[in-house]
Amino acid sequence: MALTTIKGLQSEIYVPITPEPVWAPVKKELSEMTVALVTAAGVHLKSDKRFNLAGDFTYRDVPGDTPTEELMVSHGGYDNADVNKDINCMFPIDRLRELAEEGFIKAVAPIHFGFMGGGGDQQKFREETGPEIARRLKEAEVDAVLLTAG
Amino acid sequence: MGIPTIIVAALSPVVRQNGAPRAVAPLVPMGANAGEPNNPEMQKGIVVDALKQLVEIDTPGKIVPLPYEYIAKV
């Protein structure tokens, strides 16, 4: 049976294509790692510009020594109730600090990043925002990244 | 050389679809991926287990379930 009846006919329905995972090997013990947080949960400094809830491919810097009470979330894609009570449930910076004090990891990175996932210009995220955050993390000599998203 | 990552996900099918290299999935609602608010013990457990899996996962795309559960009261 021929499966093609009309040559070149395409479905109007977009199907997501799963990309191949990008693999970076682990080369150090956890106790030797400087760890950064990167989140799609819309975390940023209260003093910083809020995300555009209709879609926003920009990102915000969060310095590693920021007290959690100076952080907030602007994100239109999930229920913010929990994260408004305790930012650590999406951005566990206090837990990371405890783990650095205990020596489980070497250090909390000097810089962390927040952006608003769940939509927006995916091409910009893939080709500009993502590579730029990666470059900044490299510059900060970060050994590993813990992400929260999805 | 890149930087190794691990993602803490509430929605593991989304993470799978997007090709995340390493993931852990506690039983949490979206918005509390790293655990219940004001429950530092659960949050720390999730962060520690996620970092351990960063080192242990050796297959790209693997998602490891984590034994923590939080059900938000809506």
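In what follows, chains are A, B, ... by sequence order, proteins preceding strands, each numbered from 1.
For the set B/Val47, B/Leu11, B/Asn38, the count of heavy-atom pairs under 4.5 angstrom toward chain A peaks at B/Asn38. Chain A forms the most heavy-atom pairs under 4.5 Å with one residue out of B/Leu54, B/Asn39, B/Val15, and that residue is B/Leu54. Comparing A/Val35, A/Val73, A/Asp79, A/Leu99 by how many heavy-atom pairs each has under 4.5 Å with chain B, the most go to A/Leu99. When B/Gly31, B/Ala20, B/Gly35, B/Gly61 are compared by the number of non-hydrogen pairs under 4.5 Å with chain A, B/Gly31 comes out ahead. No other option in B/Ala32, B/Gly2, B/Ala9 has as many heavy-atom pairs under 4.5 Å with chain A as B/Ala32. For the set B/Ile6, B/Val14, B/Val55, B/Asn18, the entry with the most heavy-atom pairs within less than 4.5 Å of chain A is B/Ile6.
B/Val8 and B/Leu66 end up in the same hydrophobic cluster when Ile, Leu, Val, Met, Phe, Trp and Tyr side chains are linked at under 4.5 Å. Put simply, A/Trp23 and B/Val64 are part of the same group of oily side chains (I, L, V, M, F, W, Y) that touch within less than 4.5 Å, one to the next. Hydrophobic clustering places A/Ile87 together with A/Val62 (ILVMFWY residues linked when any side-chain heavy atoms are closer than 4.5 Å, directly or through intermediates). Using a 4.5 Å cut-off between side-chain heavy atoms of Ile, Leu, Val, Met, Phe, Trp and Tyr, with links allowed through other members, A/Leu45 and A/Ile133 fall into different hydrophobic clusters. Taking hydrophobic clusters as Ile, Leu, Val, Met, Phe, Trp and Tyr residues chained together by side-chain heavy-atom distances below 4.5 Å, A/Val145 does not share a cluster with A/Phe91.
Interatomic distance, A/Ser31 OG to B/Leu51 CG, rounded to the nearest 0.5 Å: 12.0 Å. Put simply, CG on B/Asn33 and OH on A/Tyr78 are 8.5 Å apart, with the number rounded to the nearest 0.5 Å. Taking CD1 of B/Ile3 as the start and CG of A/Leu137 as the end, the distance is 4.5 Å to the nearest 0.5 Å. Atom OG1 of residue A/Thr148 and atom CD1 of residue B/Ile7 lie 7.5 Å apart, to the nearest 0.5 angstrom. To the nearest 0.5 Å, atom CD of residue B/Gln17 and atom CD1 of residue A/Ile17 are 10.5 Å apart. Note that CZ of B/Arg22 and CG of A/Leu147 are 11.0 Å apart. Values are rounded to the nearest 0.5 Å.
Looking at A/Ala134, only its backbone comes within 4.5 Å of chain B, counting heavy atoms on both sides. At a 4.5 Å heavy-atom cutoff, the contact between A/Asn88 and chain B is made by backbone and side-chain atoms alike. In this structure, the portion of A/Leu96 lying under 4.5 Å from any heavy atom of chain B is its side chain and not its backbone. For A/Lys138, the parts lying near chain B are the backbone and the side chain together; criterion is any non-hydrogen pair under 4.5 Å. Of the atoms belonging to A/Val83, heavy atoms from both backbone and side chain fall under 4.5 Å from chain B. Heavy atoms of B/Val24 lying under 4.5 Å from chain A are absent altogether.
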For this session: Would you please test B/Gln43 and A/Asp94 for side chain to side chain donor-acceptor pair (under 3.5 Å) and show each step?
Result: CA-CA 10 Å; B/Gln43 293 168 359; A/Asp94 287 332; over 6 Å; no
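Applying the 6.0 Å contact sphere to CD of A/Glu20 captures no more than 12 heavy atoms from other residues, nucleotides or ligands. Heavy-atom neighbours of B/Arg16 CZ from other residues, nucleotides or ligands within 6.0 Å: at or below the threshold of 12. Enclosure of atom CZ in A/Arg97 by more than 12 non-hydrogen atoms of other residues, nucleotides or ligands within 6.0 angstrom is indicated. Within a 6.0 Å radius of CD in A/Glu29, no more than 12 heavy atoms belonging to other residues, nucleotides or ligands are found. No more than 12 heavy-atom neighbours from other residues, nucleotides or ligands sit within 6.0 angstrom of CD on B/Glu41. Taking a 6.0 Å sphere around CD of A/Glu127, one finds it holds more than 12 heavy atoms contributed by other residues, nucleotides or ligands.
Of all heavy-atom pairs between A/Lys85 and B/Pro37, the closest is CB-CB, 4.0 Å. Taking each heavy atom of A/Asp82 and B/Ala72 in turn, the nearest pair found is OD2-CB, 4.0 Å. Shortest non-hydrogen contact noted between A/Val26 and B/Pro4 is CG2-CB, 3.8 Å. Between B/Lys44 and A/Arg95 the shortest heavy-atom distance is N-CD, 3.7 Å.
A/Thr18 places no side-chain N or O within donor-acceptor distance of the main-chain N or O of B/Gly19, the cut-off being under 3.5 Å.
Using a 4.5 Å heavy-atom threshold, the side chains of B/Thr5 and A/Val38 count as separate. Contact annotation: the side chain of B/Val48 never approaches that of A/Glu102 to less than 4.5 Å [non-hydrogen atoms, C-beta and beyond].
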